[in-house]
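For this chain, numbers begin at 1 and follow the sequence in order. All ligand and atom numbering here is 1-based and tracks the order in the structure.
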Amino acid sequence: MTKTTITAVSLAALILGAGGAAADTWRYAFEEALEEVQGRFAQKFKEEVEANSDHEVQLFPFGTLGESADIMEQAQSGILQFVDQSPGFTGALIPEAQVFFVPYLLPADQDQLVSFFRNSKAIHELFPPLYADQGLELLTMFPEGEVMMTTTGPVTSPADLNEVKFRVMTNPLLVESYHAFGATPTPLPWGEVYGALQTGIIQGQENPAFFIESTKMYEVTDHITRAGHNNFTTAVMANKDFFDGLPDEDKAVVQNAITAAFDYIIDYQTGLTEDSLEKIQAAKPEMTITTLTEEQRAPFIATAEAVEAKFLEIGGGQAQAILDQMKADLQVAAGN
Ligand code: 6CS
């Protein structure tokens with residue numbers, strides 16, 4: 001062996017042979033700011049990984065690497081090791097993920113909701129192969145809070161949404177759902193929403209209360225309506241080649257950090273909705289916050305069947321299996 005060959009072999013041994021002992025920097029991007037729910041989750045994940053390994057996690061909040069669609073591309077191509085992208089956007093890539101936009105499917109009860117996310121076979125067994133087909137290791141899904149409409153006009157019935165250009169995430173089933181609610185759905189990336197409301201291009205959007213407060217949506221709308229139609233679901237993934245290539249000890253570090261961050265983010269959200277609504281009311285006393293009565297909700301609830309049928313049409317090859325399993329999981333979460 002020549003000296004050059006020996007050096008090259010030693011170098012390769014150093015890089016490959018070190019296995020899990022090598023300290024790496026892992027890049028993790030998400031769709032929100034550092035102090036919003038996805039950012040809090042990511043901070044907890046980073047803290048856990050760094051406490052239990054030599055690796056460093058570098059966090060990229062919303063806007064630093066582009067929109068949601070951009071960070072997904074970067075994660076799929078391996079530029080990022082981790083990404084948080086909500087089914088509201090992933091539904092365009094994985095049609096089955098649109099199931100989270102069948103209105104009134106997820107329970108309003110927080111304990112049932114958390115139990116569903118913890119134990120769901122649909123999430124833990126059926127979705128991972130669908131994400132894997134897109135080069136992604138699905139690590140977890142978690143809820144971010146009751147979704148509320150914020151609009152420039154008051155809303156107590158679908159008729160009030162007539163002619164309302166209503167921003168939705170870029171997800172075909174969410175478009176269908178707002179059609180069924182009587183609005184004119186307008187899919188937009190997040191970065192365009194405030195400006196579109198300010199300039200009157202759109203007149204409404206939906207999001208959880210913490211996000212309406214932190215992104216100051218109340219400055220450009222006047223009414224919050226709680227129709228109880230959904231809870232915001234998000235998902236954290238790793239680039240699959242990266243994850244598959246990790247030694248077992250690092251896979252365990254990642255999985256344990258995800259479990260710790262899941263528990264943390266559920267605790268963190270206790271009281272968050274009500275606190276956020278209070279902050280909104282304090283910042284803008286004239287903002288109306290209306291919880292629709294059962295009677296007022298009835299026509300919104302009545303759309304669920306048609307939207308579910310649409311999901312089965314456009315939700316991909318596994319749509320029926322996913323929907324059936326979700327319903328079975330929800331029954332278990334409800335204690336039936
Ligand atoms: O509406 C959206 O697009 C955003 N909403 C939340 C709660 N998180 C990120 C997402 O981009």
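- Between Phe62 and Phe30, the ring center distance fails the sub-6.0 Å criterion.
- Counting the atoms of ligand 1 from 1 in the order shown, those under 4.0 Å from a heavy atom of Pro208 are 7 (C).
- Remark: side-chain polar atoms of Asn230 are paired, donor with acceptor, to backbone N or O of Phe100 under 3.5 angstrom.
- For ligand 1 and Glu31, the ligand atoms under 4.0 Å from any heavy atom of the residue are 9 (C), 11 (O).
- With Pro185 as the fixed residue, the side-chain contact (heavy atoms from CB on, under 4.5 Å) test singles out one of Val164, Ile202, Val168, Asn171: Val168.
- The option from Glu144, Arg167, Gln38 that lies nearest to atom 3 (O) of ligand 1, judged by heavy atoms, is Arg167.
- Protein heavy atom nearest atom 7 (C) of ligand 1, with residue, atom name and distance: Asn207 OD1, 3.2 Å.
- Under a 3.5 Å cut-off, the side chain of Gln203 and the backbone N or O of Thr152 do not form any donor-acceptor pair.
- At a 4.0 Å cut-off, not a single heavy atom of Ser86 sits close enough to ligand 1 to count as contact.
- The N/O atoms of Glu206, backbone and side chain alike, include none that comes under 3.5 Å of an N/O atom in ligand 1.
- In this structure, Lys284 places its NZ atom where more than 12 heavy-atom neighbours from other residues, nucleotides or ligands lie under 6.0 Å away.
- Protein heavy atom in closest approach to atom 11 (O) of ligand 1: Phe89 CE1, 3.5 Å.
- Annotation: the span from Ser68 atom OG to Glu73 atom CD amounts to 11.0 Å, rounded to 0.5 Å.
- Ring orientation note: the planes of Tyr178 and Phe166 are close to parallel, at an angle under 30° on the 30°/60° scale.
- For atom 4 (C) of ligand 1, the closest heavy atom belonging to the protein is Phe211 CE2, 3.6 Å.
- The contact set between ligand 1 and Glu32, taken as ligand atoms under 4.0 Å from a residue heavy atom, comprises 6 (C), 7 (C), 8 (N), 9 (C).
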